[in-house]
Structures are given as structure tokens and as C-alpha cells.
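Right, one structure below, let's go through it.
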Amino acid sequence: MTGLKKERERAQALRALIEHHNYRYYVLDDPEVSDAEYDRLFGELVKLESAHPELVSADSPTQRVGAAPLDEFAAVAHRVPMLSLNNAFSEDEVASFDRRCREALGVDALEYVGEPKFDGLAISLRYEAGAFVQGATRGDGSTGEDVTINLRTIRAIPLRLRGAAPPKVLEVRGEVLIFREDFERLNRRQREHGEKEFANPRNAAAGSLRQLDSRITAARPLRFYAYGIGEAEGGPTRARHSELLDWMAALGLPVCAERRVLRGAGDLLEFYRDLAERRAALAYDIDGVVYKVNSLEQQRRLGFVARAPRFAVAHKFPAEEAATEVVAIEVQVGRTGAITPVARLKPVFVGGATVTNATLHNEDELKRKDIRVGDTVIVRRAGDVIPEVVRSLPEARPAHAREFKMPAHCPVCGSGVIRLPEEAVARCSGGLYCPAQRKQSILHFASRRAMDIEGLGEKLVEQLVDRERVKTPADIYALEASMLADLEHMGEKSAQNVLDAIEHSRRTTLERFIYALGIRNVGEATARDLARRFGGLDGLIRASEEDLQGVRDVGPVVAYSIRRFFAEAHNRHVIGELRARGLTWPEQAPQASQGAGRFGGKTFVLTGTLASMTRDEARQRIEAGGGKVAGSVSKKTDFVVAGADPGSKLATAQELGVAVLDEAAFLQLLGGPRGG
Ligand code: IVH
């Protein structure tokens with residue numbers, strides 16, 4: 001249709017112009033036109049496209065918002081994982097990083113790139129033949145969430161790469177963030193609309209990106225900086241990271257101006273000091289700098305350890321500190337019953353957020369720092385870390401300052417508070433009963449190795465506890481179909497399956513039941529030993545600490561822990577209810593002594609992967625021989641079995657002089673591979 005030719009050409013010209021101005025603004029940081037002129041061009045394009053909808057193209061700047069709200073984000077697998085960075089907190093650590101890299105590569109000096117460590121949110125943008133097709137959050141590094149519709153609303157992210165020959169595939173890795181000035185404006189707007197303000201730009205950016213309705217995201221002033229690539233195919237080959245960054249900028253991607261090629265450790269520290277000094281003048285928050293070996297070939301040779309590259313490190317700025325007053329000291333009860341003293345503070349702005357609570361960690365820390373109610377204290381907050389009280393200023397202590405005493409009873413449920421001799425943490429002993437520990441204790445109770453109630457997983461327990469349909473493990477056995485069927489992700493069929501699994505679990509074994517109680521320091525192996533030794537539950541409940549210590553591997557600490565658990569009336573009450581609701585197990589005659597079998601009394605620790613069996617199988621075979629498997633290496637460990645890629649347990653074993661078995665030696669000890 002020739003009649004539309006003029007309009008089509010104008011629309012194309014406007015799109016090109018708008019993209020050009022985006023590039024000047026977001027990439028070059030050097031706008032050519034005023035905001036008003038930009039808005040005028042944009043308005044003209046909107047008008048033209050609405051008069052002639054057939055002219056609209058998917059990558060038109062007008063099409064950034066428009067997708068329908070989602071119900072949830074789909075999962076995206078990262079084919080090239082999104083890694084994290086190791087941290088360095090001192091100049092010495094930076095010097096060792098440089099030394100390690102040089103030694104591994106056998107060179108005298110290395111070239112690096114220094115970049116800011118952006119305090120935002122890592123994302124991955126996928127371009128195919130130059131078009132932005134998918135964007136995802138980092139997630140756990142292997143799988144993230146598909147937030148494409150939200151990323152499309154960010155004007156700094158080009159919908160189409162510049163240049164005539166775009167790469168076939170390019171995954172751009174970078175950070176979404178909000179400039180400080182925009183953040184202030186955003187919070188002012190939130191305030192005016194009576195909505196909740198954000199704590200800091202990072203939280204605001206994260207919250208904005210996780211909106212299911214992209215119109216909300218579009219109204220948030222998000223920015224983006226690219227700092228690396230993931231999957232790439234069909235682009236020109238680059239030898240250096242610095243060249244990759246320049247190339248990305250040429251493709252129209254924003255790459256921050258604060259990047260430098262650096263030579264040697266001296267340059268690294270100079271870069272750090274320079275940015276630390278200019279930190280407050282930057283438009284965005286940073287929490288340190290990142291150094292990356294520049295040569296991509298050298299990067300490849302250095303490779304990775306665990307989840308982080310060996311060729312890069314984040315040199316973090318020290319956490320920010322501020323002084324304020326302790327208004328009160330209270331305790332919090334965690335999911336596992338840990339009781340943590342927390343300082344309630346006069347609100348103070350530190351590390352990018354207003355802090356009103358700070359952890360005091362535990363009783364010993366609190367005593368060591370001698371922190372009292374009424375004290376003026378130094379509070380520290382780094383990034384997303386929980387704020388902590390560093391020290392008090394005794395010179396500012398008022399006469400009325402009060403010392404704090406740990407409560408003897410749990411503030412949530414009233415059960416006794418105990419502190420095991422070798423632990424720094426005090427805990428509520430009402431594990432089966434305490435509301436703070438409900439979800440955790442019920443999940444553990446139902447878990448595979450405990451009562452093995454299939455289908456009673458995290459999501460279900462969450463809902464059952466939140467609706468107060470289950471308060472203790474005993475309530476599980478009073479559940480009815482109608483109490484499950486109306487829950488999320490629960491059809492009639494799955495409700496019946498869960499009920500069947502619950503029914504099935506009523507007939508169990510004593511060792512499973514003991515393990516299911518979640519007594520601190522009583523793992524499966526100890527539960528089994530206790531079951532054998534006492535034969536029935538009543539004997540165990542009545543056992544003295546001395547009796548308990550007669551059981552293999554039960555020392556004074558474990559004995560005390562067991563004793564205190566059964567001494568707590570709340571727990572005994574729940575156990576009574578469980579029995580009343582039909583839980584049974586075969587009772588046996590108590591066994592006087594233990595330690596028989598091929599490995600009788602020997603303790604093993606497993607590390608690394610075995611080729612011939614899973615860790616579970618290895619454990620079962622050790623236990624079948626009367627041995628015990630522990631989680632960590634100590635002087636009491638008899639053998640460490642080290643498979644491929646052993647962890648730090650191997651080093652600990654060598655330090656302590658514990659015998660180490662490789663897979664072949666272990667198999668020999670077991671009497672050859674199973675069936676062979
Ligand atoms: S590179 C292979 N560069 O830090 C290395 N990360 O701890 C991958 N971050 O999740 C990361 N600024 O969100 C890199 N200039 C920068 C960065 C940066 C901030 C964040 C990123 C990542 C985290 C890793």
C-alpha cells in the first residue's frame with residue numbers, strides 16, 4: 001500500500017531516532033536532546049502507531065510495556081552458570097589474589113580490568129540475531145526466573161543490538177540497579193501515594209524486577225550495566241575482557257565508564273582507593289570493586305573453584321558504621337529454637353538503610369562486648385548482611401544503664417531455655433511444641449528418614465501451620481480430607497495421597513520415631529543406638545544422663561540434650577498425644593551393650609564422591625557392620641573415606657592424623673563391592 005509509505009518511513013525514522021537518543025543517554029552518558037524533545041519524538045511515534053497499528057513492530061520503543069500480567073515467572077536454566085565472586089577485605093588478600101594468579105600462570109606480572117562492584121541485581125540478557133529474546137535473574141546460579149517482560153521496560157536495555165552483523169547468540173551478563181537520585185524521587189513518590197518506602201536502591205530494584213505486572217516495573221527508574229557475557233556464538237573473537245566490554249558498548253549496551261585496565265597489584269589498590277574516595281559522588285551504590293584478569297585465555301587457564309572464578313575477586317569496601325542508643329534488649333527465637341539476643345535501637349541510617357534492630361549474636365558475645373540497655377553503641381551494616389552491634393562506648397554509659405540477662409524460659413512458648421556445654425547458642429527446649437519452631441519440627445518429623453510422610457513437604461506444612469491446622473506433629477494425625485482439600489496445590493487426589501501416607505506412617509519403628517522428635521544432637525545413628533539400648537520409649541524417657549551415657553557415642557553433651565528434651569513437659573505432652581493417636585512401633589527387649597559387628601564402635605566420616613556407590617549406600621554398609629557415620633572430622637574419628645573431589649574434611653583428617661581411606665581401600669574393608 002503506497003499510501004502508507006510516508007508513515008512507515010516516518011515510523012522507522014522515529015524508532016531509529018529514539019534508539020539513537022537512548023544510546024546517547026544510557027550508553028554514552030552524553031544526551032543530545034532535552035527530555036522534552038525525547039518525549040515529543042516518543043509521543044509522535046505513539047500517535048503514528050495507534051493510527052496505523054500495522055506499523056507496530058515488536059522492537060518498537062513503544063512496545064516495552066504491554067505484556068499481560070503473569071501468574072508466576074517461568075524457570076530459566078542458565079546454560080553457562082551465573083557465578084558469584086570471592087571476596088577480599090584487605091590489601092593483603094588482594095596481594096595474595098594477584099600472587100595466586102601469577103603463580104598459577106607462571107608469569108611475573110598480570111594485566112587486570114578494574115570495575116565497580118555494583119550493588120544491584122545480577123541478570124542475564126539473551127540476544128538472538130541481535131534481538132532481545134529472554135532475560136532472567138540469577139536465581140541459584142543454575143536456574144533463574146524469566147523476567148523478560150520486566151526487563152523489556154528498562155530503557156537502558158536495547159531491544160535490538162546496534163551494528164549490521166549481530167552475533168547469532170549473545171548472553172549479556174550485568175547488573176540492574178537504580179541511581180541514587182532516581183531512588184530519592186521514587187521514595188518521595190511512594191510517600192506521596194501513601195505507599196511503603198524502599199529501604200535502599202538495591203531492594204527497590206529487586207522488588208521492581210519481581211513484579212508480575214510489568215506496568216509497575218515500567219514506572220520504576222531501573223538502569224542496567226553490562227559486565228560480562230554468558231553463552232556466545234557467532235561474534236568476533238576477542239582476546240581480552242576489556243575488549244569484550246568495548247564491544248558490548250559498541251553494540252549499544254550500557255557499560256559503565258569506571259572501568260580501567262590495570263597492571264600489577266599496585267594498580268589494583270590505586271583503583272580501589274580512587275573509587276572508594278569517589279564512591280559518594282557516583283550516581284549509583286557500589287559495595288567495592290572487582291578485579292578480573294584481562295586475558296580471556298588466562299581466565300580460561302585459571303578456571304573456577306566451586307561457584308566462583310579464580311581469575312576474579314571482589315575487593316569489598318569496609319562495612320559502614322554509625323553510633324546510636326540501645327533502647328532495649330530482647331530475644332528472638334529462631335526456626336531451630338536458637339535464642340538470639342537482639343538490640344532494639346534508636347533508628348539510625350547506616351550502610352544505605354535505617355537500622356532499628358541489630359543482632360547481638362549470643363550470650364557470650366553480649367558479655368564480651370558488655371552491652372547494656374541505655375548504652376550508646378556502634379552499629380555496623382554491610383550490604384544485605386544483618387546489622388550487628390560492634391561495641392559499646394562505655395564513656396557514654398548513663399548511670400541507669402541496665403545489664404541484660406538471658407531468660408530462663410522461651411519468650412514464645414514458655415519452655416525451658418538450655419545451653420549445651422559446647423555450644424554458644426541457647427535454645428528453647430520445647431522443640432515439639434514451640435510455635436517458633438513449628439514449621440521446622442513438623443517438616444523434620446515428616447521427612448523421609450523420620451516418619452517418611454510423602455507429600456507433607458514445605459509448601460503444605462507452611463499452609464497448615466499458617467492456618468493453624470497443625471500446631472504440633474500430633475496434629476498431623478488428626479487431619480481430615482476437608483482440612484487439606486481447600487489448600488493451594490491440593491486436589492482431592494493429592495489430599496487423599498497425603499492422608500494415606502500419614503496413615504501408613506502410624507506403624508513405624510522406634511528408631512525412626514526417636515529421630516523424628518528432632519532432639520538436638522540426636523541424628524539417625526544415635527536414634528538407632530538409643531532404640532536398641534532401651535528397646536522401648538518409656539525406658540528412654542525415664543533414662544538418667546548416666547544411663548544415656550552407656551550408649552555408644554553418647555557423651556555428656558548428648559545425654560544432657562536428650563534428658564532436657566524429655567524433661568520438658570510440653571514435649572512429653574505431644575508425645576502422649578502422638579501415642580494416643582495410634583502411633584505404634586514394635587517394642588524390644590533392651591540390649592545391655594553395643595559395639596558388636598565388623599566396625600563395632602568405629603566412627604567414619606565420608607567426603608567426596610565414590611564411584612561405586614552413593615553416600616547413602618556407603619553409610620548403610622558401614623552401619624550394617626556396626627560402624628557409625630559422623631558429619632565432621634574430629635580426633636575421635638577412626639576413618640575418613642575420601643572419594644573424588646574431597647572437601648575440607650580431608651585436610652582436617654590429615655591435620656589431625658586420622659586414617660584416610662581411598663575408595664579402593666574402603667571397598668576392601670567392606671569386603672569388595674556389593675555383588676562383586
Ligand atoms: S562478574 C564470573 N562484575 O557480584 C564472575 N559481578 O558475587 C561473575 N557484581 O552476582 C560476576 N558488580 O551481581 C561481576 N563488575 C562486576 C560486578 C558483579 C557486581 C555482582 C553480581 C554477582 C555478584 C557476584
Side-chain angles (χ1 to χ4, degrees), residues 333 335-337 409-410 412-418 427-458 460-485 487 495-496 498-520 522 524 527 530-531 534-543 561-588:
V333 189
R335 284 161 49 85
T336 60
H409 296 279
C410 170
V412 175
C413 77
S415 298
V417 168
I418 64 167
R427 287 173 197 279
C428 161
S429 65
L432 284 186
Y433 169 81
C434 179
Q437 302 176 61
R438 256 174 213 167
K439 287 180 186 168
Q440 181 89 352
S441 73
I442 291 165
L443 263 176
H444 172 78
F445 187 85
S447 65
R448 194 166 54 81
R449 293 175 171 173
M451 301 303 287
D452 192 19
I453 306 178
E454 206 181 323
L456 195 53
E458 210 157 324
L460 184 53
V461 169
E462 186 104 342
Q463 297 185 69
L464 287 171
V465 170
D466 289 345
R467 292 172 199 223
E468 302 202 341
R469 292 182 188 173
V470 171
K471 292 183 180 163
T472 74
D475 296 339
I476 295 173
Y477 294 93
L479 282 172
E480 290 166 17
S482 63
M483 299 160 83
L484 291 172
L487 299 176
Q496 193 52 52
V498 173
L499 287 179
D500 290 347
I502 293 172
E503 187 53 39
H504 188 76
S505 75
R506 271 186 228 263
R507 295 170 62 93
T508 185
T509 61
L510 179 57
E511 61 183 73
R512 273 183 182 273
F513 184 75
I514 296 172
Y515 174 65
L517 296 175
I519 306 169
R520 188 142 185 93
V522 177
E524 280 176 284
L530 290 168
F534 294 97
L537 190 63
D538 296 315
L540 174 61
I541 292 179
R542 279 195 309 265
S561 170
I562 298 170
R563 187 67 223 114
R564 286 297 303 252
F565 181 88
F566 290 116
E568 177 54 54
H570 290 130
N571 293 335
R572 287 202 312 275
H573 181 74
V574 175
I575 292 171
E577 279 183 329
L578 280 164
R579 289 170 121 177
R581 289 185 175 152
L583 247 75
T584 59
W585 50 82
E587 303 249 332
Q588 271 153 11

Q) Does the pair R507 and W585 meet the rule for a side-chain contact (heavy atoms from CB on, under 4.5 Å), with working shown? A) CA-CA 6 Å; R507 295 170 62 93; W585 50 82; over 6 Å; no
- Query: Any side-chain donor paired with an acceptor under 3.5 Å for S441 and Y433?
  - Reply: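 No, because no side-chain N or O of S441 sits under 3.5 Å from a partner of the opposite role on Y433.
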Which atoms form the tightest heavy-atom contact between [X] and [Y], and what is the distance?
X    : Y    : value
G455 : L460 : O-CD2, 3.5 Å
M451 : T508 : CE-CG2, 3.7 Å
R579 : L537 : NH2-CB, 3.7 Å
C410 : V417 : N-CG2, 3.5 Å

Any side-chain heavy atom of [X] sitting closer than 4.5 Å to one from [Y]?
X    : Y    : answer
R520 : F565 : no
R467 : L487 : yes
T509 : F513 : no

Roughly how far apart are [X] [atom1] and [Y] [atom2], rounded to 0.5 Å?
X    : Y    : atom1 : atom2 : value
K471 : E468 : NZ    : CD    : 5.0 Å
H444 : L432 : NE2   : CG    : 9.5 Å
E511 : E524 : CD    : CD    : 8.5 Å
L540 : I514 : CG    : CD1   : 5.0 Å
L456 : I442 : CG    : CD1   : 8.0 Å
I476 : R506 : CD1   : CZ    : 10.5 Å

Is it the case that the side chain of [X] and the backbone of [Y] share a donor-acceptor pair, with hydrogens and angles ignored and the cut-off at 3.5 Å?
X    : Y    : result
R512 : A450 : yes
R581 : Y477 : no
D475 : T472 : yes
R469 : M483 : yes
N571 : F566 : no

| Derivation of the side-chain contact (heavy atoms from CB on, under 4.5 Å) call for L484 and Q496 | CA-CA 9 Å; L484 291 172; Q496 193 52 52; over 6 Å; no
* Asked: Please walk me through it: do D466 and R438 pass salt bridge (charged side-chain N to carboxylate O under 4.0 Å, His left out)?
  -> CA-CA 10 Å; D466 289 345; R438 256 174 213 167; over 6 Å; no
Tested for side chain to side chain contact (heavy atoms under 4.5 Å, CB included) against L530, the lone hit among V522, L510, I519 is V522
- Item | side-chain contact (heavy atoms from CB on, under 4.5 Å) between V470 and V461, worked out | CA-CA 8 Å; V470 171; V461 169; over 6 Å; no
Practice item. Please assess C428 against C413 for the test side-chain contact (heavy atoms from CB on, under 4.5 Å), listing each intermediate value before the final yes or no. Key: CA-CA 8 Å; C428 161; C413 77; 3.6 Å; yes
(request) For a side-chain hydrogen bond (donor to acceptor under 3.5 Å, both in side chains) with H570, tell me which candidate from E568, R572, H573 qualifies. (result)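 Checked E568, R572, H573 against H570; only one passes side-chain hydrogen bond (donor to acceptor under 3.5 Å, both in side chains): E568.
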#### Entry: Residue E454 excluded, over 12 heavy atoms near CD under 6.0 Å
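Result for CD/E454: open.
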